[in-house]
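Input: a single structure, listed below in structure tokens.
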Amino acid sequence: MFTDTHCHLYDEYYDDINLVINRAFENEVKRFIVDGCDGKSNIEVLKKVKENSMMFGCLGIHPESVLDYSESDIDFIEKHLLDDKIIGIGEIGLDYHYTKEDKKAQQKLFRLQLSLADKYHKPVVIHSRDATQDTINILKEYPNVSGVIHSFSMSLEVAREFIKMGYKLGINGVVTFKNSHLKEILKEIYPEIILETDSPYLTPHPFRGMKNEPKYILNIAEFITKELNITREQLAKITNKNIKEIFKI
Ligand code: NI
């Protein structure tokens with residue numbers, strides 16, 4: 001049994017989420033961690049996890065929403081952090097890819113949410129793009145907080161740094177991309193990994209161009225088991241153990 005540890009199963013992306021879940025079930029993917037990224041999606045995540053027994057949620061404000069969020073969005077996260085099936089804060093972090101002028105605001109928002117994780121003893125789901133050093137430095141300010149580096153695709157050196165800090169690495173369809181260096185470091189970062197799709201984005205090869213969904217976890221798993229020469233059962237066992245360690249599910 002596999003878990004999609006990071007997906008955005010919002011109504012705006014899928015005509016029928018029940019069908020998406022059924023297809024995942026047929027492909028050995030039986031649990032789903034849905035991440036919020038702004039005020040609106042956090043409300044939807046909370047509603048969805050109450051309706052679906054195999055769905056768990058993380059609430060957070062994504063760095064790309066730094067200019068749009070309000071104080072009430074943060075209050076909402078804090079108010080529901082201890083709700084049943086809300087298992088972490090995410091996705092949160094730093095993204096300097098498009099905007100560099102709001103760096104300071106992103107860092108403030110990041111620290112604000114890390115403080116909540118610290119206060120309520122919740123794991124964090126980290127989005128970090130073109131901001132590796134600042135991410136490491138800020139996470140080090142919160143030594144009691146850990147979680148997962150979502151969509152990990154950095155160097156082996158950086159991987160080792162995050163692992164040393166107590167974080168697991170979220171591996172998705174990017175590992176299957178022909179231009180990705182990730183498969184070369186898989187042996188070194190295993191077993192500190194968990195699997196995710198980041199649906200509806202980052203569909204694995206050879207399905208690139210189609211909308212991603214949790215059933216593709218199995219394709220990512222197959223790619224990894226071939227690279228590492230391990231069985232699907234071994235990978236499921238290791239990743240589920242890591243998920244339990246971080247998210248307590
Ligand atoms: Ni995401």
Side-chain angles (χ1 to χ4, degrees), residues 2-14 17 20-21 24 29 31-46 48-49 52 55-69 73 77 85-99 106 109-110 113-114 117 122-132 135 139 147-154 162 167-177 180 182 193-204 207-208 210-217 219-220 239 242-243 246-247 249:
F2 286 101
T3 306
D4 186 348
T5 64
H6 187 115
C7 51
H8 302 277
L9 299 183
Y10 310 158
D11 290 333
E12 64 176 300
Y13 298 136
Y14 300 96
I17 285 176
V20 172
I21 290 173
V29 183
R31 296 190 303 182
F32 313 87
I33 300 176
V34 185
D35 286 82
C37 44
D38 55 18
K40 180 172 168 261
S41 56
N42 285 332
I43 293 169
E44 187 172 355
V45 166
L46 191 66
K48 286 232 157 31
V49 300
N52 296 279
M55 230 183 239
F56 302 84
C58 295
L59 305 177
I61 309 291
H62 191 285
E64 280 179 30
S65 298
V66 69
L67 301 177
D68 306 320
Y69 82 100
D73 295 330
I77 294 172
K85 298 181 78 195
I86 295 301
I87 57 173
I89 301 188
E91 58 182 280
I92 64 172
L94 301 172
D95 192 324
Y96 299 163
H97 190 70
Y98 297 111
T99 50
Q106 286 193 33
L109 173 63
F110 191 26
Q113 296 182 94
L114 284 165
K122 286 284 181 179
V124 288
V125 178
I126 303 297
H127 171 105
S128 177
R129 191 177 187 197
D130 296 346
T132 304
T135 304
L139 288 179
V148 52
I149 309 300
H150 148 62
S151 196
F152 180 82
S153 62
M154 301 159 192
F162 281 128
Y167 286 80
K168 305 291 181 199
L169 310 176
I171 303 297
N172 56 34
V174 170
V175 74
T176 70
F177 294 177
S180 168
L182 260 185
I193 63 170
I194 59 176
L195 307 185
E196 57 170 57
T197 60
D198 204 18
S199 294
Y201 315 107
L202 300 175
T203 314
F207 306 102
R208 284 182 89 172
M210 292 164 77
K211 187 176 283 182
N212 203 2
E213 56 177 82
K215 71 172 180 184
Y216 290 123
I217 282 285
N219 300 83
I220 298 164
T239 49
N242 289 341
I243 291 163
I246 303 167
F247 293 110
I249 61 166

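Both counts, for ligands and for their atoms, begin at 1 and track the order of listing. It should be emphasised that the depicted structure is a prediction, and the values quoted were computed from it without experimental measurement. Values reported hereafter were calculated over all heavy atoms of this structure, with side chains retained and with hydrogens, waters and symmetry mates removed.
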Original post:
Partners of Lys48 by side-chain hydrogen bond (donor to acceptor under 3.5 Å, both in side chains), sequence neighbours excluded?
Top reply: Asp11, Glu44
**OP:** Identify which protein N/O/S atoms are less than 2.8 Å from the Ni ion (ligand 1).
**Re:** His6 NE2, His8 NE2, Glu91 OE2, Asp198 OD1
Subject >> Verdict with reasoning, Phe162 to Thr135, per side-chain contact (heavy atoms from CB on, under 4.5 Å) >> reply: CA-CA 10 Å; Phe162 281 128; Thr135 304; 4.3 Å; yes
**OP:** Please list, chain by chain and in numerical order, all residues satisfying side-chain hydrogen bond (donor to acceptor under 3.5 Å, both in side chains) with Thr5, sequence neighbours excluded.
**Re:** none
Original post:
Do other residues, nucleotides or ligands put more than 12 heavy atoms under 6.0 Å from the NZ atom of Lys211?
Top reply: yes
Subject >> Results of ring-ring contact (aromatic ring centres under 6.0 Å, His included) for Phe177 - residues two or more places apart only >> reply: none
Subject >> Exercise: do Thr239 and Asn242 side chains pair donor with acceptor under 3.5 Å >> reply: no
